[in-house]
Amino acid sequence: MSTPESFLKRMNRHLAPTMAKDFPNLPVIGEEGCYYLGLDGRKYLDFTSGIAVTNVGHRHPKVVEAIKAAADRFLHGPMGVIVYESALKLAEELARILPDGLDTFFFGNSGTEAVEGAIKLAKHATGKPCVVSFTGCFHGRTLGALSVSTSKSKYRKHLHAVSGVYQIPYADPRKCPPGQDVAAWCAEELERNLERLFHHQVSPEEIACVILEPVLGEGGYIVPPRQWLVRLREICDRHGILLVFDEVQTGFGRTGQWFAAQTFGVTPDIMAIAKGIASGLPLGVTAASRELMRKWTPGAHATTFGGNPIACEAALATIRVIEEENLLARCRQMGAYAREKLDELRKKHARIGDVRSVGLMIGIEIIDPTTGEPDGETLLKILHRCADYGVLFYLCGNRGEVIRMIPPLTVTRDQIDEGLKVLDRVLAELDNGHPVL
Ligand SMILES: Cc1ncc(COP(=O)(O)O)c(C=O)c1O
């Protein structure tokens with residue numbers, strides 16, 4: 001008989017250790033809405049959304065129905081050998097929900113592939129060799145995407161990243177000197193950093209694109225001021241550099257609009273999309289204007305599985321559900337509600353250093369209350385204890401010091417209350433020196 005212990009044993013025998021050691025390795029037998037169904041017979045409130053994927057909830061009935069119907073007709077569609085309506089419809093729908101100008105799409109299978117596509121397209125379209133990325137950003141695990149990722153050095157160990165990549169610091173509102181306007185200071189810092197880069201290391205004529213997450217994700221959930229992104233757009237335009245947004249995590253409603261580009265009112269030239277797009281089926285998209293995509297000559301880039309017909313139907317159903325259930329507005333409402341509750345918790349618990357959020361993309365920084373230093377070790381204990389009480393949070397930050405709270409956009413007030421009550425309880429247990437912690 002399968003037990004949680006036998007699951008873990010089998011996992012450790014045959015799954016690569018690199019993939020078999022993430023938090024919390026919860027043995028499950030199913031998933032539904034905002035919950036995982038544990039092998040232990042318990043229901044777990046999921047504030048991870050399968051790492052920002054199940055934005056409409058796990059196994060939304062309309063998505064499941066669309067997948068079943070699609071499987072009755074197609075399982076595989078190598079685009080190019082054949083063409084089918086779901087891929088065409090999805091491209092039309094994406095053109096409708098994305099900011100104006102992003103109307104042409106390359107379909108892949110994952111976030112990292114969407115980023116690879118974005119970088120390749122930028123280099124191909126401009127004929128320039130170099131890329132600028134931001135310290136702390138995460139863009140994926142294949143070599144090109146990894147070369148622009150610096151959220152943690154362990155991801156890059158023993159690898160020689162591709163050449164021609166330059167790093168500059170991400171916006172850090174916390175570093176703003178007292179008395180100065182945070183947004184203006186961040187924008188000026190950006191300008192100074194890029195000018196320094198252009199003068200000392202690489203001239204703008206050699207730079208194909210600047211790539212970033214419009215909200216820092218894996219690196220610690222940092223929300224940049226809008227002015228910072230506006231300034232970046234201006235600098236790119238001034239120098240003829242393409243701007244790439246990696247919206248793999250911020251996309252599909254997570255920040256309260258379809259994409260962070262709309263939340264901040266800044267449109268990139270190229271966008272990478274994945275995660276929430278197909279509610280769990282593998283699908284990645286590189287988006288750009290027709291004009292730019294035309295420069296990517298036929299055959300310069302392709303893939304066997306990209307734009308799989310079932311994944312395309314799942315994506316179409318996901319878009320319908322987000323609209324029918326008004327989930328963008330709901331994300332903003334529930335995000336504001338959770339934020340209010342967390343600001344209260346922060347006043348109560350000295351271990352909460354900072355709360356940062358946009359929509360339902362929420363980061364809760366855990367610090368050592370005596371030193372004020374980030375405390376990833378304690379955070380992991382908190383996550384395990386919350387899981388014991390039936391609530392799953394995830395983590396992020398360079399030192400694993402930020403609790404990632406990314407519930408499905410369908411989350412209710414009661415579920416937010418339930419999850420945060422558990423967090424409150426665990427933090428209180430820590431303060432009281434509970435033996436398990
Ligand atoms: C912002 C961002 N880009 C890219 C990726 C890579 O996506 P995937 O794991 O689907 O390759 C991730 C995954 O966490 C991500 O958060």
Side-chain angles (χ1 to χ4, degrees), residues 16 18-19 22-23 48-55 106-122 131 133-152 154-156 161 165 170-171 209-224 229 243-255 258-261 263-264 268 270-287 303 305-308 311 314-315 318 356 358-363 393-398 400 402 404-406:
T18 188
M19 70 185 287
D22 212 350
F23 171 83
T48 76
S49 296
I51 322 188
V53 169
T54 56
N55 291 359
F106 176 86
F107 291 137
N109 306 283
S110 64
T112 200
E113 231 188 293
V115 168
E116 294 286 343
I119 295 171
K120 274 180 85 172
L121 169 61
V131 177
S133 68
F134 287 83
T135 309
C137 279
F138 179 74
H139 298 290
R141 297 171 176 89
T142 48
L143 204 53
L146 194 63
S147 300
V148 290
S149 297
T150 47
S151 55
K152 291 190 181 81
K154 71 175 179 185
Y155 300 146
R156 298 161 61 101
V165 176
Y170 199 82
C209 67
V210 169
I211 181 167
L212 76 158
E213 293 174 88
V215 178
L216 189 68
E218 224 260 336
Y221 273 35
I222 292 176
V223 185
L229 289 167
L243 179 61
V244 180
F245 277 4
D246 174 348
E247 293 241 21
V248 167
Q249 187 163 169
T250 50
F252 264 76
R254 182 52 54 192
T255 67
W258 281 109
F259 297 94
T263 298
F264 290 97
I270 305 175
M271 192 187 280
I273 304 164
K275 282 194 185 285
I277 185 172
S279 297
L281 265 66
L283 183 62
V285 180
T286 307
T303 166
F305 294 117
N308 169 279
T318 301
R356 305 186 279 267
V358 53
L360 280 168
M361 188 168 179
I362 303 169
F393 293 92
Y394 201 51
L395 70 165
C396 61
N398 184 259
V402 180
R404 228 192 288 207
M405 175 171 164
I406 36 175

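Reckoned from all heavy atoms, side chains included, excluding hydrogens, waters and symmetry mates. All ligand and atom numbering here is 1-based and tracks the order in the structure.
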Below 6.0 angstrom between ring centroids: does that apply to Phe138 and Tyr155? yes
For residues 272-287, please give each side-chain donor-acceptor pair under 3.5 Å, one per line with the distance, not counting sequence neighbours.
{"residue": "Lys275", "atom": "NZ", "partner": "Ile51", "partner atom": "O", "Å": "3.1"}
{"residue": "Ser279", "atom": "OG", "partner": "Thr318", "partner atom": "OG1", "Å": "2.7"}
{"residue": "Thr286", "atom": "OG1", "partner": "Ala114", "partner atom": "O", "Å": "2.9"}

Nearest 0.5 Å, please: how far is CD in Glu213 from CG in Asp246? 5.5 Å
Non-hydrogen atoms closer than 4.0 Å to ligand 1: which protein residues do they belong to? List them by chain and number, please. Ser110, Gly111, Thr112, Phe138, His139, Gly140, Arg141, Glu213, Asp246, Val248, Gln249, Lys275
Side chain Arg356, main chain Val223, donor-acceptor under 3.5 Å: no
CE of Met361 to CZ of Arg254: how many Å apart, nearest 0.5 Å? 8.5 Å
Could you measure the distance from the CZ atom of Phe245 to the CD1 atom of Ile270? Nearest 0.5 Å is fine. 12.0 Å
